[in-house]
Protein chains: 2
Amino acid sequence: MPAATNPANHDHDHCIADALTRADALCAERGARLTALRRQVLELVWTSHRPRGAYAILEDLSQREGKSAAPLTVYRALEFLVEQGLVHRLESLNAYIGCAAPGAVHSGQFLVCEACGNAVEIDDPRIRAAIDTIAAERGFQVDRPTVEVRGRCTDCQEKTP
Amino acid sequence: MPAATNPANHDHDHCIADALTRADALCAERGARLTALRRQVLELVWTSHRPRGAYAILEDLSQREGKSAAPLTVYRALEFLVEQGLVHRLESLNAYIGCAAPGAVHSGQFLVCEACGNAVEIDDPRIRAAIDTIAAERGFQVDRPTVEVRGRCTDCQEKTP
DNA sequence: GGCATGATGTTATTTTATAACGTAGTCAGC
DNA sequence: GCTGACTACGTTATAAAATAACATCATGCC
Ligand SMILES: [Zn+2]
Ligand SMILES: [Zn+2]
Ligand SMILES: [Zn+2]
Ligand SMILES: [Zn+2]
């Protein structure tokens, strides 16, 4: 799965198309309105497997539309997408990334490569279990756990060992 | 230990004094210069067990000094303190908090109460172990894991059950 | 003292995010 | 169709968080 994030060995157009299809289905099911604008922002978030900043998305959007859009336009779309679980916000990067498993209940755990910038969503139950155990021991009620691990992905380790 | 973060039932002046003493010792040991300014910023970070923003600290600092300080003054001091492991930055809050165990090697794991704002540093090896296991399975080299769990502390659960 | 290094001061700017208010679609019910 | 409520979107201004570039000052070694 980490290999799948290497832009070189996977069909990323398929990633994008798939994400949009799932988003359409999920929103239809929920009666949420995935408008043209929101859908376009989602597509731009999925530009790559690197988290993207709101202003980078804004720039793309402006270029596509020919006219310059306002920051709020993007932030509002992102807010919707995050609420719907289609996109995650990476707190340590002030950036956004498409969710790898929308629909499933999870809070997002990521391995972020500091060399290539790719982020892989892991959502491993073992991490969540460890957090839940420790929280329970201390009587803390978990709402939203943030797990963002910085480091080096396999590919980048190979390049500079 | 979580009870110790309740401002009502602990001597927080002791927390502050203790943090400053340990900081003095650690910096002396390392030959790092804990200047008057840096020491004062550390003290201001320790104002409470709630993470504080750089600009909040800046305001306090200005008030104390009588003259208004520049943001960079605070950011530079914070950078030093974080490097020395005396302070952690909470990514999800853009805020800083005093380290509960300076000197020990760790990356900081926190339980952050959304009601009272207090943050407790946990640094539990089980979370770190789970992260390391999963990273190893994927060939990912861990550098700096960020774990920030939002939720409700015991005290705040009791208040509104 | 003279000099190198690191810390601080000063000013300006960048990046990220939100507030306030108005307009325009969308849809239900009549 | 029209009306009214609701939601989305546009526009402008502003706040909050962080950094850049350059000058000055302090510290400690030679
Ligand atoms: Zn892809
Ligand atoms: Zn996800
Ligand atoms: Zn205390
Ligand atoms: Zn710590």
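In what follows, chains carry the letters A, B, and so on, assigned in the order in which the sequence lines appear, proteins first and then strands, with residues in each chain numbered from 1.
- Here B/R52 pairs with B/T47, B/A56, B/I57, B/D60 under the side chain to side chain contact (heavy atoms under 4.5 Å, CB included) rule; sequence neighbours left out.
- Along DNA chain C, read 5' to 3', the first and last nucleotides having any atom under 4.0 Å from a heavy atom of chain B are C/dG6 to C/dT11.
- Note on A/E43 versus A/R64: salt bridge recorded, some NZ/NE/NH1/NH2 to OD/OE distance being below 4.0 Å.
- Annotation: side chain to side chain donor-acceptor pair (under 3.5 Å) contacts of A/S48 (sequence neighbours excluded): none.
- The closest side-chain donor-acceptor pair between B/E148 and B/S92 falls under 3.5 angstrom.
- Residues B/F80 and B/V87 fail the side-chain proximity criterion, which asks for heavy atoms closer than 4.5 Å.
- Looking at B/Y55, its side chain has no donor and acceptor atom pair within 3.5 Å of the base of D/dA16.
- A/E137 is linked by a side chain to side chain donor-acceptor pair (under 3.5 Å) to B/R126, counting only residues two or more places apart in sequence or in another chain.
- Straight-line distance from the CD1 atom of B/I57 to the P atom of D/dA16: 16 Å, rounded to whole Å.
- The distance from atom CD of B/E79 to atom P of D/dA20 is 10 Å, rounded to the nearest whole Å.
- Interatomic distance, CG of A/D18 versus CG of A/D13, reported as 12.0 Å (0.5 Å rounding).
- The stretch residues 21-39 of chain B comes close to DNA chain C through B/R33, B/T35, B/L37, B/R38, each having a heavy atom under 4.0 Å from the strand.
- Between the C1' atom of D/dG10 and the CD atom of A/Q40 lies a distance of 16 Å, rounded to the nearest Å.
- Rounded to a whole Å, the OH atom of A/Y75 is 18 Å from the C1' atom of D/dC9.
- For residues 26-45 of chain B, no pair satisfies ring pair (Phe, Tyr, Trp, His ring centres under 6.0 Å), with sequence neighbours left out.
- Residues satisfying the side chain to side chain contact (heavy atoms under 4.5 Å, CB included) test with A/P71, not counting sequence neighbours, are A/Y55, A/L58, A/Y75.
- Between B/D155 and B/K159, none of the side-chain N atoms (NZ, or NE/NH1/NH2) sits under 4.0 Å from a carboxylate O, so this pair counts as no salt bridge.
- A/F140 pairs by the ring-ring contact (aromatic ring centres under 6.0 Å, His included) definition with nothing, not counting sequence neighbours.
- With sequence neighbours left out, A/E59 forms a side chain to side chain contact (heavy atoms under 4.5 Å, CB included) with no residue at all.
- Residues from residues 63-73 of chain B with heavy atoms under 4.0 angstrom of DNA chain C, sorted by number: B/A70, B/L72, B/T73.
- Of the residues in residues 84-95 of chain B, those with a non-hydrogen atom less than 4.0 angstrom from any atom of DNA chain D are B/R89, B/N94.
- Look at CD on B/E59: it is 14 Å from P on D/dA15, rounded to the nearest Å.
- In this structure B/Q40 satisfies the side chain to side chain donor-acceptor pair (under 3.5 Å) test together with B/E65, sequence neighbours excluded.
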